[in-house]
Number of protein chains: 2
Amino acid sequence: MQVVSDIASLKSIIEEKKQKGLSIGFVPTMGFLHEGHLFLMRMAKAENDFMVISIFVNPLQFGAGEDYEEYPRDLERDTKMAGSAGCDLIFSPTVKEMYPPGYATFVQVEKLTEGLCGASRPGHFLGVTTVVAKLFNLVRPDRAYFGQKDAQQAFVLKKMVEDLNMNLKVIVLPTVREPDGLAMSSRNKYLTPEQRKEAVVIYRSLREAEEQIRKGEREAGIIKENISKLILQAKHARVDYVEIVDSKELHPVSIIKDRCLIAVAAKFGKTRLIDNVLVEV
Amino acid sequence: MQVVSDIASLKSIIEEKKQKGLSIGFVPTMGFLHEGHLFLMRMAKAENDFMVISIFVNPLQFGAGEDYEEYPRDLERDTKMAGSAGCDLIFSPTVKEMYPPGYATFVQVEKLTEGLCGASRPGHFLGVTTVVAKLFNLVRPDRAYFGQKDAQQAFVLKKMVEDLNMNLKVIVLPTVREPDGLAMSSRNKYLTPEQRKEAVVIYRSLREAEEQIRKGEREAGIIKENISKLILQAKHARVDYVEIVDSKELHPVSIIKDRCLIAVAAKFGKTRLIDNVLVEV
(Lines give C-alpha, C1' and ligand atoms only; values in the text may rest on other atoms or scores of the structure.)
Protein backbone atom coordinates (compact mmCIF):
# COMPACT_ATOMS: atom_id res chain seq x y z
CA MET A 1 0.00 0.00 0.00
CA GLN A 2 1.22 3.49 -0.87
CA VAL A 3 0.48 6.71 1.02
CA VAL A 4 0.85 9.95 -0.95
CA SER A 5 0.07 13.49 0.06
CA ASP A 6 0.81 15.45 -3.11
CA ILE A 7 -1.37 15.70 -6.19
CA ALA A 8 1.47 15.09 -8.66
CA SER A 9 2.29 11.68 -7.14
CA LEU A 10 -1.37 10.73 -6.97
CA LYS A 11 -1.93 11.64 -10.61
CA SER A 12 1.04 9.68 -11.83
CA ILE A 13 -0.04 6.54 -9.94
CA ILE A 14 -3.63 6.87 -11.19
CA GLU A 15 -2.44 7.45 -14.76
CA GLU A 16 -0.34 4.30 -14.60
CA LYS A 17 -3.31 2.22 -13.37
CA LYS A 18 -5.58 3.73 -16.02
CA GLN A 19 -3.03 2.93 -18.74
CA LYS A 20 -3.11 -0.68 -17.59
CA GLY A 21 -6.88 -0.68 -17.91
CA LEU A 22 -7.44 -1.32 -14.20
CA SER A 23 -10.76 -0.35 -12.64
CA ILE A 24 -10.57 2.00 -9.66
CA GLY A 25 -12.74 1.89 -6.54
CA PHE A 26 -12.67 4.98 -4.33
CA VAL A 27 -13.70 5.68 -0.74
CA PRO A 28 -13.40 9.37 0.22
CA THR A 29 -13.07 9.78 3.99
CA MET A 30 -12.14 12.35 6.62
CA GLY A 31 -10.05 9.69 8.34
CA PHE A 32 -10.27 8.37 11.90
CA LEU A 33 -11.56 5.26 10.22
CA HIS A 34 -14.14 2.96 11.73
CA GLU A 35 -15.89 -0.22 10.74
CA GLY A 36 -18.26 1.76 8.50
CA HIS A 37 -15.36 2.96 6.37
CA LEU A 38 -13.80 -0.50 6.36
CA PHE A 39 -17.02 -1.98 5.07
CA LEU A 40 -17.01 0.51 2.16
CA MET A 41 -13.36 -0.31 1.49
CA ARG A 42 -13.87 -4.05 1.44
CA MET A 43 -16.69 -3.63 -1.07
CA ALA A 44 -14.60 -1.23 -3.14
CA LYS A 45 -11.75 -3.74 -3.12
CA ALA A 46 -14.00 -6.62 -4.10
CA GLU A 47 -15.57 -4.77 -7.02
CA ASN A 48 -12.48 -3.06 -8.48
CA ASP A 49 -8.89 -3.82 -9.44
CA PHE A 50 -7.35 -0.93 -7.51
CA MET A 51 -8.73 0.57 -4.32
CA VAL A 52 -8.01 4.14 -3.28
CA ILE A 53 -9.12 6.04 -0.20
CA SER A 54 -8.66 9.70 0.56
CA ILE A 55 -8.15 11.00 4.08
CA PHE A 56 -8.82 14.71 4.22
CA VAL A 57 -10.59 16.74 6.88
CA ASN A 58 -12.11 19.23 4.49
CA PRO A 59 -12.30 22.69 6.09
CA LEU A 60 -14.76 23.84 3.42
CA GLN A 61 -17.55 21.61 4.74
CA PHE A 62 -17.30 22.82 8.32
CA GLY A 63 -19.17 25.92 9.40
CA ALA A 64 -18.00 28.56 11.86
CA GLY A 65 -18.16 27.13 15.38
CA GLU A 66 -18.22 23.54 14.15
CA ASP A 67 -15.63 20.90 15.02
CA TYR A 68 -13.07 21.34 12.23
CA GLU A 69 -10.18 21.86 14.65
CA GLU A 70 -11.21 19.09 17.05
CA TYR A 71 -12.06 16.53 14.40
CA PRO A 72 -10.02 13.44 15.31
CA ARG A 73 -6.96 12.76 13.15
CA ASP A 74 -4.64 9.73 13.34
CA LEU A 75 -2.96 8.86 10.05
CA GLU A 76 -0.82 6.10 11.48
CA ARG A 77 -3.82 4.25 12.88
CA ASP A 78 -5.80 4.90 9.68
CA THR A 79 -2.98 3.55 7.52
CA LYS A 80 -2.93 0.25 9.40
CA MET A 81 -6.70 -0.10 9.27
CA ALA A 82 -6.89 0.74 5.57
CA GLY A 83 -4.14 -1.75 4.83
CA SER A 84 -6.09 -4.44 6.64
CA ALA A 85 -9.10 -3.71 4.43
CA GLY A 86 -7.08 -4.16 1.24
CA CYS A 87 -6.48 -0.51 0.42
CA ASP A 88 -3.91 -0.01 -2.35
CA LEU A 89 -3.41 3.74 -2.09
CA ILE A 90 -4.13 6.43 0.50
CA PHE A 91 -4.29 10.03 -0.68
CA SER A 92 -3.84 12.26 2.33
CA PRO A 93 -3.31 15.84 1.13
CA THR A 94 -2.74 19.02 3.10
CA VAL A 95 -5.31 21.80 3.02
CA LYS A 96 -2.91 23.88 0.94
CA GLU A 97 -2.57 21.12 -1.63
CA MET A 98 -6.34 20.99 -2.07
CA TYR A 99 -7.05 24.73 -1.73
CA PRO A 100 -3.95 26.68 -2.76
CA PRO A 101 -3.97 30.45 -2.25
CA GLY A 102 -6.46 32.06 -4.64
CA TYR A 103 -8.66 28.98 -4.81
CA ALA A 104 -12.03 30.14 -6.18
CA THR A 105 -14.12 27.34 -7.73
CA PHE A 106 -17.15 25.75 -6.12
CA VAL A 107 -19.68 23.10 -7.08
CA GLN A 108 -23.19 23.64 -5.84
CA VAL A 109 -26.14 21.26 -5.88
CA GLU A 110 -29.33 23.21 -5.28
CA LYS A 111 -32.69 22.02 -3.91
CA LEU A 112 -31.61 18.66 -2.38
CA THR A 113 -29.24 20.61 -0.13
CA GLU A 114 -31.86 22.95 1.27
CA GLY A 115 -33.41 20.83 4.03
CA LEU A 116 -32.17 18.46 6.74
CA CYS A 117 -28.43 18.91 7.42
CA GLY A 118 -28.28 21.56 4.68
CA ALA A 119 -30.60 23.75 6.73
CA SER A 120 -28.73 23.15 10.00
CA ARG A 121 -25.28 23.52 8.44
CA PRO A 122 -25.29 26.29 5.80
CA GLY A 123 -22.49 25.83 3.28
CA HIS A 124 -21.80 22.27 4.41
CA PHE A 125 -22.86 20.59 1.18
CA LEU A 126 -21.14 23.20 -0.98
CA GLY A 127 -17.95 22.08 0.75
CA VAL A 128 -18.79 18.42 0.29
CA THR A 129 -19.63 18.65 -3.41
CA THR A 130 -16.62 20.83 -4.15
CA VAL A 131 -14.09 18.56 -2.45
CA VAL A 132 -15.65 15.39 -3.82
CA ALA A 133 -15.68 16.82 -7.37
CA LYS A 134 -11.97 17.56 -6.97
CA LEU A 135 -11.25 14.10 -5.57
CA PHE A 136 -13.24 12.42 -8.34
CA ASN A 137 -11.24 14.34 -10.95
CA LEU A 138 -7.99 13.36 -9.28
CA VAL A 139 -8.72 9.69 -8.56
CA ARG A 140 -10.89 9.11 -11.67
CA PRO A 141 -12.69 6.17 -10.06
CA ASP A 142 -15.05 3.79 -11.82
CA ARG A 143 -17.02 3.46 -8.59
CA ALA A 144 -17.13 5.58 -5.44
CA TYR A 145 -18.56 4.28 -2.17
CA PHE A 146 -20.51 6.15 0.51
CA GLY A 147 -22.42 5.16 3.63
CA GLN A 148 -26.17 5.40 4.03
CA LYS A 149 -25.60 7.05 7.43
CA ASP A 150 -24.94 10.30 5.56
CA ALA A 151 -28.11 9.85 3.53
CA GLN A 152 -28.50 13.40 2.30
CA GLN A 153 -24.82 13.51 1.28
CA ALA A 154 -25.32 10.37 -0.78
CA PHE A 155 -28.37 11.88 -2.51
CA VAL A 156 -26.51 15.13 -3.20
CA LEU A 157 -23.41 13.41 -4.58
CA LYS A 158 -25.48 11.14 -6.81
CA LYS A 159 -27.22 14.23 -8.13
CA MET A 160 -23.90 16.00 -8.75
CA VAL A 161 -22.52 13.01 -10.66
CA GLU A 162 -25.68 12.75 -12.74
CA ASP A 163 -26.05 16.48 -13.44
CA LEU A 164 -22.38 17.08 -14.27
CA ASN A 165 -22.17 13.85 -16.32
CA MET A 166 -19.28 12.56 -14.27
CA ASN A 167 -17.98 9.28 -15.51
CA LEU A 168 -18.42 7.05 -12.46
CA LYS A 169 -20.96 5.22 -10.36
CA VAL A 170 -21.88 6.30 -6.84
CA ILE A 171 -22.58 3.29 -4.65
CA VAL A 172 -24.34 3.70 -1.30
CA LEU A 173 -23.97 0.93 1.28
CA PRO A 174 -25.93 0.31 4.48
CA THR A 175 -24.99 2.00 7.73
CA VAL A 176 -22.69 -0.07 9.94
CA ARG A 177 -23.73 0.03 13.59
CA GLU A 178 -22.21 -0.62 16.99
CA PRO A 179 -23.57 -3.73 18.73
CA ASP A 180 -26.16 -1.59 20.53
CA GLY A 181 -27.33 0.01 17.28
CA LEU A 182 -25.57 3.37 17.36
CA ALA A 183 -24.46 4.31 13.84
CA MET A 184 -20.68 4.21 13.45
CA SER A 185 -19.21 7.69 13.25
CA SER A 186 -15.82 9.25 13.88
CA ARG A 187 -17.67 11.75 16.05
CA ASN A 188 -18.80 9.04 18.50
CA LYS A 189 -15.33 9.47 19.98
CA TYR A 190 -16.41 12.85 21.36
CA LEU A 191 -19.12 11.33 23.58
CA THR A 192 -18.66 10.95 27.32
CA PRO A 193 -19.44 7.43 28.57
CA GLU A 194 -22.82 8.65 29.78
CA GLN A 195 -23.64 10.37 26.48
CA ARG A 196 -22.46 7.28 24.60
CA LYS A 197 -24.99 5.16 26.48
CA GLU A 198 -27.73 7.68 25.88
CA ALA A 199 -26.95 8.07 22.16
CA VAL A 200 -28.39 4.68 21.34
CA VAL A 201 -31.79 6.33 21.73
CA ILE A 202 -31.44 7.76 18.22
CA TYR A 203 -31.53 4.42 16.50
CA ARG A 204 -34.09 3.07 18.97
CA SER A 205 -36.41 5.92 18.10
CA LEU A 206 -35.97 5.18 14.39
CA ARG A 207 -36.69 1.50 14.97
CA GLU A 208 -39.80 2.42 16.88
CA ALA A 209 -40.88 4.65 14.00
CA GLU A 210 -40.45 1.73 11.62
CA GLU A 211 -42.55 -0.36 13.98
CA GLN A 212 -45.30 2.27 14.15
CA ILE A 213 -45.39 2.40 10.34
CA ARG A 214 -45.49 -1.37 10.10
CA LYS A 215 -48.50 -1.27 12.41
CA GLY A 216 -50.25 1.14 10.04
CA GLU A 217 -49.42 4.65 11.20
CA ARG A 218 -49.08 7.00 8.20
CA GLU A 219 -49.16 10.46 9.79
CA ALA A 220 -45.63 11.86 9.58
CA GLY A 221 -46.39 14.39 12.32
CA ILE A 222 -47.29 11.69 14.84
CA ILE A 223 -44.23 9.61 14.03
CA LYS A 224 -41.89 12.59 14.21
CA GLU A 225 -43.33 13.68 17.52
CA ASN A 226 -42.78 10.23 18.94
CA ILE A 227 -39.16 10.19 17.78
CA SER A 228 -38.48 13.59 19.37
CA LYS A 229 -40.16 12.56 22.59
CA LEU A 230 -38.07 9.40 22.83
CA ILE A 231 -34.79 11.18 22.10
CA LEU A 232 -35.54 13.93 24.61
CA GLN A 233 -35.87 11.33 27.35
CA ALA A 234 -32.07 11.18 27.25
CA LYS A 235 -30.72 13.68 29.74
CA HIS A 236 -28.04 15.24 27.48
CA ALA A 237 -29.97 15.14 24.21
CA ARG A 238 -31.16 18.05 22.14
CA VAL A 239 -32.98 17.50 18.86
CA ASP A 240 -31.57 19.35 15.83
CA TYR A 241 -34.18 17.99 13.45
CA VAL A 242 -36.50 15.04 13.01
CA GLU A 243 -37.78 14.85 9.45
CA ILE A 244 -39.61 12.50 7.15
CA VAL A 245 -38.97 13.19 3.47
CA ASP A 246 -39.68 11.52 0.16
CA SER A 247 -36.76 9.58 -1.26
CA LYS A 248 -36.51 11.53 -4.52
CA GLU A 249 -36.47 15.24 -3.78
CA LEU A 250 -36.10 15.02 0.00
CA HIS A 251 -39.22 17.13 0.49
CA PRO A 252 -41.00 16.74 3.84
CA VAL A 253 -44.10 14.57 3.59
CA SER A 254 -47.17 14.73 5.79
CA ILE A 255 -48.45 11.26 4.88
CA ILE A 256 -46.04 8.35 4.57
CA LYS A 257 -46.23 6.61 1.21
CA ASP A 258 -43.91 4.87 -1.26
CA ARG A 259 -40.30 5.20 -0.09
CA CYS A 260 -39.51 7.71 2.62
CA LEU A 261 -36.41 8.65 4.55
CA ILE A 262 -36.76 9.22 8.28
CA ALA A 263 -33.79 11.33 9.29
CA VAL A 264 -32.65 12.57 12.67
CA ALA A 265 -29.93 14.91 13.88
CA ALA A 266 -29.44 15.27 17.62
CA LYS A 267 -26.85 16.76 19.89
CA PHE A 268 -25.40 15.09 22.96
CA GLY A 269 -23.48 17.81 24.69
CA LYS A 270 -21.55 19.47 21.86
CA THR A 271 -21.56 16.36 19.68
CA ARG A 272 -23.97 16.34 16.76
CA LEU A 273 -24.98 12.87 15.57
CA ILE A 274 -27.13 11.89 12.61
CA ASP A 275 -28.91 8.73 11.61
CA ASN A 276 -31.72 7.61 9.34
CA VAL A 277 -33.78 4.73 8.07
CA LEU A 278 -35.46 4.21 4.72
CA VAL A 279 -39.02 2.92 4.95
CA GLU A 280 -41.20 1.59 2.18
CA VAL A 281 -44.97 1.23 2.45
CA MET B 1 -17.46 12.28 -39.32
CA GLN B 2 -20.27 11.38 -36.95
CA VAL B 3 -22.96 13.71 -35.59
CA VAL B 4 -24.67 12.61 -32.36
CA SER B 5 -27.19 14.43 -30.23
CA ASP B 6 -27.66 12.04 -27.30
CA ILE B 7 -25.35 11.54 -24.36
CA ALA B 8 -25.46 7.75 -24.48
CA SER B 9 -24.10 7.65 -28.07
CA LEU B 10 -21.46 10.23 -27.27
CA LYS B 11 -20.29 8.31 -24.23
CA SER B 12 -20.02 5.04 -26.08
CA ILE B 13 -17.95 6.60 -28.89
CA ILE B 14 -15.66 8.36 -26.40
CA GLU B 15 -15.24 5.18 -24.35
CA GLU B 16 -14.24 3.30 -27.50
CA LYS B 17 -11.60 5.92 -28.39
CA LYS B 18 -10.28 5.98 -24.82
CA GLN B 19 -10.01 2.18 -24.80
CA LYS B 20 -7.85 2.44 -27.91
CA GLY B 21 -5.62 4.94 -26.12
CA LEU B 22 -6.40 7.76 -28.56
CA SER B 23 -5.90 11.35 -27.44
CA ILE B 24 -8.94 13.60 -27.74
CA GLY B 25 -8.97 17.26 -28.77
CA PHE B 26 -12.14 19.21 -28.02
CA VAL B 27 -13.58 22.49 -29.26
CA PRO B 28 -16.80 23.51 -27.46
CA THR B 29 -18.87 25.92 -29.60
CA MET B 30 -22.31 27.44 -29.82
CA GLY B 31 -22.30 26.72 -33.56
CA PHE B 32 -22.73 29.07 -36.49
CA LEU B 33 -19.07 28.36 -37.04
CA HIS B 34 -16.63 30.87 -38.44
CA GLU B 35 -12.96 30.92 -39.27
CA GLY B 36 -12.10 31.43 -35.58
CA HIS B 37 -13.69 28.09 -34.70
CA LEU B 38 -12.09 26.40 -37.70
CA PHE B 39 -8.67 27.60 -36.57
CA LEU B 40 -9.24 26.02 -33.14
CA MET B 41 -10.42 22.82 -34.82
CA ARG B 42 -7.42 22.56 -37.12
CA MET B 43 -5.10 22.93 -34.15
CA ALA B 44 -7.12 20.41 -32.14
CA LYS B 45 -6.92 17.99 -35.05
CA ALA B 46 -3.19 18.47 -35.49
CA GLU B 47 -2.41 17.88 -31.82
CA ASN B 48 -4.75 14.97 -31.06
CA ASP B 49 -5.81 11.63 -32.51
CA PHE B 50 -9.55 12.29 -32.36
CA MET B 51 -11.20 15.69 -32.68
CA VAL B 52 -14.58 16.45 -31.17
CA ILE B 53 -16.62 19.64 -31.27
CA SER B 54 -19.82 20.41 -29.44
CA ILE B 55 -22.51 22.65 -30.88
CA PHE B 56 -24.85 23.80 -28.16
CA VAL B 57 -26.43 27.19 -27.66
CA ASN B 58 -26.37 27.06 -23.88
CA PRO B 59 -29.41 28.83 -22.39
CA LEU B 60 -27.75 28.96 -18.98
CA GLN B 61 -25.14 31.50 -20.12
CA PHE B 62 -27.66 33.96 -21.57
CA GLY B 63 -29.30 36.53 -19.32
CA ALA B 64 -32.86 37.78 -19.51
CA GLY B 65 -33.23 40.07 -22.52
CA GLU B 66 -30.10 38.69 -24.20
CA ASP B 67 -30.03 37.00 -27.60
CA TYR B 68 -30.58 33.33 -26.71
CA GLU B 69 -33.61 33.00 -29.01
CA GLU B 70 -32.05 34.91 -31.90
CA TYR B 71 -28.62 33.33 -31.69
CA PRO B 72 -27.93 31.99 -35.21
CA ARG B 73 -28.24 28.23 -35.65
CA ASP B 74 -27.44 26.22 -38.79
CA LEU B 75 -26.36 22.64 -38.10
CA GLU B 76 -26.20 21.64 -41.75
CA ARG B 77 -23.80 24.44 -42.59
CA ASP B 78 -21.79 23.80 -39.39
CA THR B 79 -21.50 20.10 -40.19
CA LYS B 80 -19.96 20.81 -43.59
CA MET B 81 -17.54 23.37 -42.17
CA ALA B 82 -16.49 21.12 -39.27
CA GLY B 83 -15.94 18.25 -41.68
CA SER B 84 -13.68 20.46 -43.78
CA ALA B 85 -11.58 21.22 -40.69
CA GLY B 86 -11.05 17.55 -39.92
CA CYS B 87 -13.65 17.13 -37.21
CA ASP B 88 -14.29 13.49 -36.28
CA LEU B 89 -17.36 13.90 -34.10
CA ILE B 90 -19.97 16.59 -33.53
CA PHE B 91 -21.96 16.48 -30.30
CA SER B 92 -25.07 18.55 -30.78
CA PRO B 93 -27.43 17.94 -27.86
CA THR B 94 -30.86 19.37 -27.11
CA VAL B 95 -31.38 21.60 -24.10
CA LYS B 96 -33.34 18.80 -22.45
CA GLU B 97 -30.46 16.37 -22.92
CA MET B 98 -28.09 18.76 -21.15
CA TYR B 99 -30.51 20.08 -18.53
CA PRO B 100 -33.19 17.48 -17.89
CA PRO B 101 -36.11 18.44 -15.61
CA GLY B 102 -34.88 18.84 -12.04
CA TYR B 103 -31.37 19.81 -13.10
CA ALA B 104 -29.75 21.49 -10.07
CA THR B 105 -25.93 21.48 -10.17
CA PHE B 106 -23.78 24.49 -10.94
CA VAL B 107 -20.06 25.22 -11.11
CA GLN B 108 -19.02 28.68 -10.01
CA VAL B 109 -15.65 30.38 -10.36
CA GLU B 110 -15.51 33.37 -8.06
CA LYS B 111 -13.36 36.53 -8.28
CA LEU B 112 -12.21 36.27 -11.94
CA THR B 113 -15.87 36.39 -12.97
CA GLU B 114 -16.67 39.61 -11.11
CA GLY B 115 -15.45 42.24 -13.57
CA LEU B 116 -15.57 42.82 -17.33
CA CYS B 117 -18.27 40.66 -19.00
CA GLY B 118 -19.11 39.12 -15.62
CA ALA B 119 -20.23 42.53 -14.38
CA SER B 120 -22.22 43.31 -17.55
CA ARG B 121 -23.76 39.85 -17.80
CA PRO B 122 -24.63 38.51 -14.32
CA GLY B 123 -24.81 34.71 -14.30
CA HIS B 124 -23.10 34.42 -17.69
CA PHE B 125 -19.96 32.71 -16.44
CA LEU B 126 -21.88 30.43 -14.09
CA GLY B 127 -23.59 29.17 -17.24
CA VAL B 128 -20.30 28.85 -19.10
CA THR B 129 -18.44 26.98 -16.36
CA THR B 130 -21.38 24.68 -15.70
CA VAL B 131 -21.87 23.66 -19.32
CA VAL B 132 -18.15 23.33 -20.00
CA ALA B 133 -17.67 21.19 -16.88
CA LYS B 134 -20.43 18.90 -18.17
CA LEU B 135 -18.95 18.80 -21.67
CA PHE B 136 -15.47 18.07 -20.31
CA ASN B 137 -16.86 15.18 -18.27
CA LEU B 138 -18.67 13.82 -21.31
CA VAL B 139 -15.95 14.25 -23.93
CA ARG B 140 -13.00 13.58 -21.56
CA PRO B 141 -10.56 15.52 -23.75
CA ASP B 142 -6.80 15.62 -23.33
CA ARG B 143 -6.83 19.19 -24.67
CA ALA B 144 -9.62 21.74 -25.06
CA TYR B 145 -9.27 24.78 -27.32
CA PHE B 146 -10.65 28.28 -26.83
CA GLY B 147 -10.18 31.61 -28.59
CA GLN B 148 -8.43 34.62 -27.10
CA LYS B 149 -11.36 36.78 -28.27
CA ASP B 150 -13.27 35.56 -25.20
CA ALA B 151 -10.32 36.36 -22.95
CA GLN B 152 -12.13 36.37 -19.64
CA GLN B 153 -13.83 33.08 -20.50
CA ALA B 154 -10.44 31.53 -21.17
CA PHE B 155 -9.10 32.77 -17.81
CA VAL B 156 -12.16 31.49 -15.99
CA LEU B 157 -12.09 28.06 -17.62
CA LYS B 158 -8.37 27.66 -16.95
CA LYS B 159 -9.07 28.49 -13.33
CA MET B 160 -11.92 25.98 -13.15
CA VAL B 161 -9.75 23.22 -14.61
CA GLU B 162 -6.92 24.04 -12.22
CA ASP B 163 -9.09 24.42 -9.10
CA LEU B 164 -11.22 21.33 -9.73
CA ASN B 165 -8.17 19.27 -10.78
CA MET B 166 -9.72 18.39 -14.10
CA ASN B 167 -7.57 16.09 -16.13
CA LEU B 168 -7.01 18.12 -19.30
CA LYS B 169 -5.16 21.08 -20.74
CA VAL B 170 -6.90 24.31 -21.75
CA ILE B 171 -5.27 25.83 -24.81
CA VAL B 172 -6.00 29.41 -25.81
CA LEU B 173 -5.30 30.46 -29.40
CA PRO B 174 -5.10 33.95 -30.92
CA THR B 175 -8.20 35.76 -32.12
CA VAL B 176 -8.92 35.28 -35.82
CA ARG B 177 -9.95 38.52 -37.52
CA GLU B 178 -11.78 39.64 -40.65
CA PRO B 179 -9.53 41.30 -43.24
CA ASP B 180 -10.37 44.71 -41.79
CA GLY B 181 -9.48 43.60 -38.24
CA LEU B 182 -12.92 42.93 -36.73
CA ALA B 183 -12.71 39.89 -34.44
CA MET B 184 -14.60 36.90 -35.89
CA SER B 185 -17.83 36.26 -34.00
CA SER B 186 -21.10 34.50 -34.75
CA ARG B 187 -22.76 37.71 -33.58
CA ASN B 188 -21.22 39.76 -36.42
CA LYS B 189 -24.08 38.34 -38.47
CA TYR B 190 -26.51 40.59 -36.57
CA LEU B 191 -24.82 43.79 -37.78
CA THR B 192 -26.39 45.94 -40.48
CA PRO B 193 -23.96 46.80 -43.31
CA GLU B 194 -23.44 50.22 -41.79
CA GLN B 195 -22.83 48.84 -38.27
CA ARG B 196 -20.49 46.23 -39.74
CA LYS B 197 -18.36 48.98 -41.26
CA GLU B 198 -18.36 50.94 -38.03
CA ALA B 199 -17.52 47.92 -35.84
CA VAL B 200 -13.95 47.85 -37.05
CA VAL B 201 -13.40 50.82 -34.75
CA ILE B 202 -13.14 48.41 -31.79
CA TYR B 203 -9.98 46.77 -33.00
CA ARG B 204 -8.62 50.08 -34.32
CA SER B 205 -9.03 51.60 -30.87
CA LEU B 206 -7.16 48.64 -29.33
CA ARG B 207 -4.36 48.96 -31.88
CA GLU B 208 -4.10 52.64 -31.10
CA ALA B 209 -3.87 51.81 -27.39
CA GLU B 210 -1.03 49.42 -28.13
CA GLU B 211 0.64 52.20 -30.08
CA GLN B 212 0.22 54.70 -27.22
CA ILE B 213 1.78 52.20 -24.82
CA ARG B 214 4.63 51.50 -27.20
CA LYS B 215 5.26 55.24 -27.24
CA GLY B 216 5.51 55.25 -23.45
CA GLU B 217 2.04 56.01 -22.10
CA ARG B 218 1.42 54.10 -18.85
CA GLU B 219 -1.69 55.80 -17.42
CA ALA B 220 -4.56 53.33 -17.84
CA GLY B 221 -7.09 56.15 -17.45
CA ILE B 222 -5.72 58.08 -20.41
CA ILE B 223 -5.58 55.01 -22.63
CA LYS B 224 -9.11 53.92 -21.70
CA GLU B 225 -10.47 57.38 -22.34
CA ASN B 226 -8.89 57.42 -25.77
CA ILE B 227 -10.40 54.01 -26.61
CA SER B 228 -13.87 55.15 -25.54
CA LYS B 229 -13.57 58.39 -27.49
CA LEU B 230 -12.56 56.55 -30.64
CA ILE B 231 -15.35 53.99 -30.37
CA LEU B 232 -17.97 56.65 -29.71
CA GLN B 233 -17.07 58.36 -32.98
CA ALA B 234 -19.02 55.54 -34.64
CA LYS B 235 -22.63 56.65 -35.01
CA HIS B 236 -24.28 53.44 -33.72
CA ALA B 237 -21.76 52.60 -31.02
CA ARG B 238 -22.31 52.49 -27.28
CA VAL B 239 -19.54 51.47 -24.93
CA ASP B 240 -20.38 48.71 -22.44
CA TYR B 241 -16.94 48.74 -20.84
CA VAL B 242 -13.35 49.64 -21.58
CA GLU B 243 -11.02 48.09 -19.04
CA ILE B 244 -7.34 47.47 -18.47
CA VAL B 245 -6.64 44.63 -16.06
CA ASP B 246 -3.66 42.62 -14.91
CA SER B 247 -3.30 39.25 -16.59
CA LYS B 248 -3.46 37.17 -13.41
CA GLU B 249 -6.46 38.23 -11.36
CA LEU B 250 -8.10 40.50 -13.93
CA HIS B 251 -8.08 43.40 -11.50
CA PRO B 252 -8.22 46.90 -13.02
CA VAL B 253 -4.84 48.60 -13.04
CA SER B 254 -4.16 52.32 -12.95
CA ILE B 255 -0.58 52.07 -14.24
CA ILE B 256 0.31 49.68 -17.05
CA LYS B 257 3.05 47.24 -16.11
CA ASP B 258 4.04 43.63 -16.80
CA ARG B 259 1.31 41.89 -18.79
CA CYS B 260 -2.07 43.58 -19.06
CA LEU B 261 -5.28 42.82 -20.88
CA ILE B 262 -7.05 45.69 -22.59
CA ALA B 263 -10.63 44.57 -23.02
CA VAL B 264 -13.59 46.26 -24.69
CA ALA B 265 -17.29 45.51 -24.97
CA ALA B 266 -19.38 47.77 -27.19
CA LYS B 267 -22.85 47.67 -28.63
CA PHE B 268 -23.73 48.47 -32.22
CA GLY B 269 -27.49 48.70 -32.22
CA LYS B 270 -28.58 45.66 -30.23
CA THR B 271 -25.42 43.69 -30.99
CA ARG B 272 -22.84 43.42 -28.24
CA LEU B 273 -19.29 42.78 -29.45
CA ILE B 274 -16.15 42.15 -27.43
CA ASP B 275 -12.46 42.26 -28.25
CA ASN B 276 -9.15 42.55 -26.43
CA VAL B 277 -5.40 42.69 -26.76
CA LEU B 278 -2.69 41.55 -24.40
CA VAL B 279 0.12 44.05 -23.91
CA GLU B 280 3.46 43.52 -22.23
CA VAL B 281 5.69 46.32 -21.04
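In what follows, chains are A, B, ... by sequence order, proteins preceding strands, each numbered from 1. Every heavy atom of this structure was used, including side-chain atoms; hydrogens, water molecules and symmetry mates were not.
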Please rank A:E15, A:E110, A:M166 by heavy-atom pairs under 4.5 Å with chain B and give me the top one.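 Ranked by contacts with chain B, first place is A:E110.
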Could you tell me which portion of B:I7 (side chain, backbone, both or neither) has an atom closer than 4.5 angstrom to a non-hydrogen atom of chain A?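 Just its side chain gets close to chain A.
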Is it the backbone or the side chain of B:K11 that comes under 4.5 Å from a heavy atom of chain A, or both, or neither?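 Only the side chain of B:K11 comes within 4.5 Å of chain A.
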How close do [X] and [Y] get, heavy atom to heavy atom, and via which atoms?
X	Y	result
B:N137	A:L164	ND2-O, 2.8 Å
B:K134	A:N165	NZ-OD1, 2.7 Å
B:K159	A:G102	NZ-O, 2.9 Å

Return the option, out of B:R140, B:E249, B:K111, B:E162, with the maximum number of heavy-atom pairs under 4.5 Å with chain A. B:R140
Heavy-atom donor-acceptor pair, B:D163 side chain to A:Y103 backbone, under 3.5 Å: no
